[in-house]
**Student:** 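One structure is given below, represented as structure tokens, and several questions about it will come after.
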Amino acid sequence: MEHSYIEDHHIADRYLSGKLSIKERMRFEEHFVDCAECLDWLQTIDDFRAGLRTVAAEEAAPLRAFLSVGQAGALARIARLVRRRQAPLLAVIILLTALSTALLVLEWRGARRELAQAQQASSEWRRKYEESEKAVLKLAKETQTPEMKSPDSAPGPSHNAGERQSATPVFALSVVRGDNPDLSQPVNRITLGPQSKSVILSLELEPDPDIHSYRVDISTSDGRSVWTRDGLKPNSKNALALRFNSKLFKPGDYLLTLEGITAQGGRAPVATYAFRALTQ
């Protein structure tokens, strides 16, 4: 999902309001998990609605004061007008008072509905984001199969799980849609810090009984192959967690091509991932 599409169709706002279709919501969630810009925009919308809740609470106080005190004063004025036999003016005052009260009640109800929708959308978004974070952390704990290790790979996983998670960043790549991926503006970005000796690229897979194993080829934007492996097997979560030496990726754009290998040795294209390597 591209940023231009997200902005033109107000995807972030509709997502928090629960107005996206199931397909659009899934595509947007796949996108914003690794997109700092979209996460900031979602946070901005969430903060705006938090401000709306504050305004609604502040508006409630004058309404309650009006209902408890204002009406008593209005009734006193009406009684005086009755004693003075000013019936026409009394009718006008009653009408204006009723209209003002109705408008305040309608505004208050609208604010409460908006508040409830904002709370529900915010809770749902936070739950889904936390689930995505947990899924990525689980991939870091998965041990690699022998086929996934290579001379370019980093040393085997540490026995200390906390050290492994802090030393090895994990990036879940989103699939590139279309036959001609645009490498000039890749959706995925991996940032390598000076202390990162290795990096894990996570590829989620769709179950396919005809595929026996997978083949991965990574090339630069000018078509130069930098890493290729056959016979890769998915882990228990039906995902490929590929560990690399961080020095393999120089700053620039890369294309990862994933193919499925059948039991008869045939190949079938599965997915394409474009990503940009950055250094801190």
Side-chain angles (χ1 to χ4, degrees), residues 30-40 129-176 181 183 185-205 213-259 270-280:
E30 291 176 356
H31 169 80
F32 76 64
V33 167
D34 293 310
C35 181
E37 182 178 348
C38 286
L39 288 177
D40 290 342
Y129 184 68
E130 290 173 358
E131 290 178 353
S132 299
E133 282 187 325
K134 291 179 181 179
V136 171
L137 290 177
K138 286 182 179 179
L139 289 176
K141 298 179 181 179
E142 293 287 343
T143 57
Q144 292 177 290
T145 60
E147 295 86 348
M148 293 170 63
K149 297 180 179 180
S150 69
D152 296 325
S153 300
S158 169
H159 294 289
N160 189 323
E163 292 179 1
R164 181 172 69 253
Q165 291 180 15
S166 60
T168 305
V170 180
F171 298 94
L173 301 185
S174 299
V175 177
V176 175
L183 292 182
Q185 294 294 331
V187 174
N188 303 291
R189 286 174 169 79
I190 63 174
T191 303
L192 305 176
Q195 304 300 324
S196 300
K197 296 182 179 180
S198 60
V199 61
I200 293 177
L201 301 184
S202 171
L203 312 177
E204 293 189 8
L205 305 173
S213 62
Y214 292 89
R215 180 180 188 274
V216 170
D217 179 79
I218 300 178
S219 60
T220 60
S221 58
D222 58 2
R224 180 174 57 86
S225 179
V226 296
W227 193 87
T228 301
R229 288 294 180 275
D230 293 321
L232 301 178
K233 301 283 188 177
N235 58 23
S236 59
K237 302 297 183 180
N238 200 40
L240 286 178
L242 307 177
R243 186 189 295 267
F244 301 93
N245 189 314
S246 59
K247 295 182 180 179
L248 177 66
F249 300 113
K250 306 298 181 183
D253 297 330
Y254 295 85
L255 183 66
L256 187 153
T257 303
L258 179 65
E259 294 181 316
V270 176
T272 301
Y273 305 83
F275 63 93
R276 175 170 294 172
L278 305 170
T279 56
Q280 291 181 341

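Along the sequence shown, residues are numbered consecutively beginning with 1. Bear in mind the structure is a predicted one, so any value in this text is a computation, not a measurement.
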**Student:** Please round to the nearest 0.5 Å and tell me the distance separating atom CG of Asn245 and atom CH2 of Trp227.
**Tutor:** 12.5 Å

**Student:** Indicate the atoms forming the closest heavy-atom contact of Pro186 with Asp253, along with that distance.
**Tutor:** CG-OD1, 3.8 Å

**Student:** So which heavy atom on Lys233 is nearest to which on Leu240, and how close?
**Tutor:** O-CD2, 3.3 Å

**Student:** Measure the CG-CG distance between Leu205 and Asn238 for me, rounded to the nearest 0.5 Å.
**Tutor:** 5.5 Å

**Student:** Can you check whether Ala274's main-chain N or O pairs, donor with acceptor, with Asn188's side chain at less than 3.5 Å?
**Tutor:** yes

**Student:** What's the shortest heavy-atom distance between Val226 and Leu248, and which atoms?
**Tutor:** O-CD1, 3.8 Å

**Student:** Work out which heavy atom in Ala241 is nearest to a heavy atom in Asn235; give both atom names and the distance.
**Tutor:** CB-ND2, 4.4 Å

**Student:** When you look at Tyr273 and Val175, which way does the side chain to side chain contact (heavy atoms under 4.5 Å, CB included) test go after all the steps?
**Tutor:** CA-CA 5 Å; Tyr273 305 83; Val175 177; 3.6 Å; yes

**Student:** In Å and rounded to the nearest 0.5 Å, what is the CD to CG distance from Glu204 to Leu173?
**Tutor:** 10.5 Å

**Student:** So does Lys197 get a backbone contact from the side chain of Ser246, meaning a donor-acceptor N/O pair under 3.5 Å?
**Tutor:** yes

**Student:** Which atom pair, heavy atoms only, marks the closest approach of Asp217 to Ser225?
**Tutor:** OD1-OG, 3.1 Å

**Student:** Would you check, one step at a time, whether the test side chain to side chain contact (heavy atoms under 4.5 Å, CB included) holds for Leu203 with Tyr214?
**Tutor:** CA-CA 11 Å; Leu203 312 177; Tyr214 292 89; over 6 Å; no

**Student:** What do the steps show when you test Phe249 against Leu201 for side chain to side chain contact (heavy atoms under 4.5 Å, CB included), and what is the final call?
**Tutor:** CA-CA 12 Å; Phe249 300 113; Leu201 301 184; 4.2 Å; yes

**Student:** What is the minimum heavy-atom distance between Gln280 and Gly193, and which atoms define it?
**Tutor:** OE1-CA, 3.5 Å

**Student:** Would you sort out whether Leu192 and Lys247 count as a side chain to side chain contact (heavy atoms under 4.5 Å, CB included), showing the intermediate values?
**Tutor:** CA-CA 9 Å; Leu192 305 176; Lys247 295 182 180 179; over 6 Å; no

**Student:** Report the distance from atom OG of Ser213 to atom CD of Glu259, rounding to the nearest 0.5 Å.
**Tutor:** 11.0 Å

**Student:** Assign the ring pair Phe275 / Tyr254 to parallel, tilted or perpendicular, where the plane angle (0 to 90°) is split at 30° and 60°.
**Tutor:** parallel

